[in-house]
Amino acid sequence: MSCRKIPRSVTQSSKKRDFFLNLISKSTTTEHLNQTHTQIIRNGFSNDLVTITKLTQKLSDFGLMNQAYNLFSSFSKPDIFLFNVIIRSLSHNNHHSSSFSLYYQLRKKTSLKPDNFTYALLISSSSYLESPEIGYWIHCHSIIDGFQSDPFVGSSVADFYLKFNQVQNARKAFDKITNPDAVSWNTLISGLVRNCCFSESIKVFEGMLLSGTRFESTTLAAVLPAAAELQDMRTGKYVHCLAVKTGFFTHVYVLTGLVSLYSRCGDILTSKFVFEQINEPDLVSWNAIISGYSCNGEAGFSVKLFKDFIGSGFKADSSTIVGVLPVFSPFGHLCLCKSVHGLSIKFGVNLNSSVSTALITVYSRLNEIGSARKLFDEAPNKSLATWNSMISGYTQNGFTDSAINLFKHMQILEIRPNPVTLTSILSACAQLGAITLGKWIHELVIKEEFQSNAYVSTALIDMYAKCGSIDEANSLFENMKEKNVVSWNAMISGHGLHGKGDKALNLFTEMLNTGISPTGVTFLSLLYSCCHSGLISEGDRIFRIMKTDHSIEPGQEHYACMVDLHGRAGKLEQALEFIKQMPVEPGPGVWGALLGACMTRNNKNLAKVASDELFELDPGNIGHLVLLSNIYSTDQSYQEAAKVREIARRKNLKKIPGCTLIEVGGTTIKISRHQVFE
DNA sequence: TGTGTGTGTG
């Protein structure tokens, strides 16, 4: 008899509990939840662990941390469930250190055993701390308690190591998981991407597919940035197909990832197509397409989209600004740059470090070095990139002294340079002929262990070559482990500069034998070398094979070099003939080369032809007038020389005296070369 | 019978 009665009351009680659990779950407001709590107390369920655990969690989800904690504390004997819930609440409310106090309490003051839930939560908390030590401890405890192969614990351990940039340890933890689930794989893939291990992350993604684990849209979104970074279209297109097949092609994160991928690979049309498939593009989607157009030099579209974006009521964030800015510099759109700068102030992101860096870069490129410096001085949080952008801004605008001073300032502030900083400073040294500083930077490169960086070693080669130490440049080049096309170019033009055309040509043959494909710059360096060594027929041959053997269209600079090559040899008529047969309109560089040759060869008539073209094409440039006037003077045609000077005076043009830089006893000094029109 | 890890686009 009683046997029947007890179950009935248990059933009744359990039904009531279900009722309360349901009420808690459905509570949508704090008020509602508090009313439910009152009912729970009235019905004598305030000591029911199950109900209270659920209530505690809901309170914490509503951000009512204190109430949740009081409820927990009111229990003299909480079980592991309640402990886990309160640890989770603390961790979700950023009270990470309190979770560890609770863990301590759990181990010292109770006989409860932490389970896989407890460890997963605690390790996750550890990854938000400043240093990894506590995480190491918890990880050890979890191994001792036998949770090493648990996917929840294992995933959070892997994530913990990835957050502390310990990729190898993360891999070890992942490999210990018996049956990694989608979360485990996603954690590893995205963590590898955050640690810039792009190809590894793609390999893991392939491993996941082979393992047969069902991937999620988040998996595709996680691996796409790796494919974009490596410009790996094969993986990208494969992910695209998978997304279409599985129906994830509607998912905004996946689509946005594809937009970036195609933009990065230069396929802006597909990028635009994918963008149009996004139902409701969010801020990040807009940023992806705007920066996509921007990176691919599509200024008009980029600006139009940016306007559409602002017009749809979106608030630009720092990434929008950083994404749209680069498109302005190649086209000299100072006005647009200024208006985006204004918008960045309006949206309150102008002091963001990446925004100031992008603005400094774009103003520098537009030769607005004063505005760039103002932004630099006003930037409250200067990253290394901010310093670098200002230094290279100075270097590229020829303000080498300012670049070096800023670098010295960095040294005083004990800001450690990176390869980018040193590359810029080396370029400044090369421009200045500052060999002593250059050598000191070389020592710094060795100290910081940047020798293996291709950009740095190339900048060193260029610096030594331009400062006259061709042997030093050559020995560095010989010792480079991985030479890229830029290093070869630097060494070729180094030899050219030193009048060693034959060496430059031999190096080119060697380069082709190594399997490196030449670029336009390689040919420019070669033509330049031929020019400086008087190798006319070799120069002609190089110019020919450039197009026939290597499918590189010559640019204005190549044509100008060819005119120079013939001009220097005194074959002025041939040079003119060459210009006439050019398949593209000759630019100022080409006519300038002819004018220069006329100067050395005293050819007054041809000089007039070249000058007339130059006045049309490049009216603001005083250099041409100087050359022409000098030609007339040398020829003793003083009246004509005077006429040219008169034109210059009327145009209010004044020649900035040219100078040569040499280093004497560690100091660079200027030696005036021309003193014309002063 | 109440608790969970983690990830995503620029």
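Quick caveat: nothing in here was measured; it's all calculated off a predicted structure.
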Fill in: A/Phe376-A/Trp387 aromatic ring centre distance below 6.0 Å
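Ring centres of A/Trp387 and A/Phe376 closer than 6.0 Å.
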
Sugar-phosphate, base or nothing in reach of [X], heavy atoms under 4.0 Å:
{"X": "A/Thr218", "result": "base"}
{"X": "A/Asn116", "result": "base"}
{"X": "A/Asp317", "result": "base"}
{"X": "A/Leu49", "result": "base"}
{"X": "A/Ser155", "result": "base"}
{"X": "A/Lys58", "result": "nothing"}
{"X": "A/Pro151", "result": "base"}

Practice prompt. Please work out which of the three classes, parallel, tilted or perpendicular, describes the rings of A/Phe72 and A/Tyr69, given edges at 30° and 60°.
Written response: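 It falls in the tilted class, 30° to 60°.
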
Worksheet entry | Positional range of nucleotides in DNA chain B within the contact set of chain A, heavy-atom, under 4.0 Å |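 Contacts span B/dT1 to B/dG10, reading 5' to 3'.
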
Item to complete: Return yes when atom OH of A/Tyr238 has more than 12 non-hydrogen atoms of other residues, nucleotides or ligands closer than 6.0 Å, and no otherwise.
Response: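 Counting neighbours around OH of A/Tyr238, 12 or fewer heavy atoms of other residues, nucleotides or ligands fall under 6.0 Å, so no.
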
Fill in: Geometric cation-pi criterion A/Lys163 and A/Tyr128, 6.0 Å radius, 45° cone
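Yes, a cation-pi geometry holds between A/Lys163 and A/Tyr128.
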
Worksheet item: Salt-bridged, A/Asp61 to A/Arg88, with N to O below 4.0 Å?
Response: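 Counted as a salt bridge, because a side-chain N and a carboxylate O are separated by less than 4.0 Å.
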
Fill in: side chain to side chain contact (heavy atoms under 4.5 Å, CB included), paired with A/Leu325, selected from A/Val340, A/Leu336, A/Thr320
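Considering A/Val340, A/Leu336, A/Thr320, a side chain to side chain contact (heavy atoms under 4.5 Å, CB included) with A/Leu325 is found only for A/Val340.
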
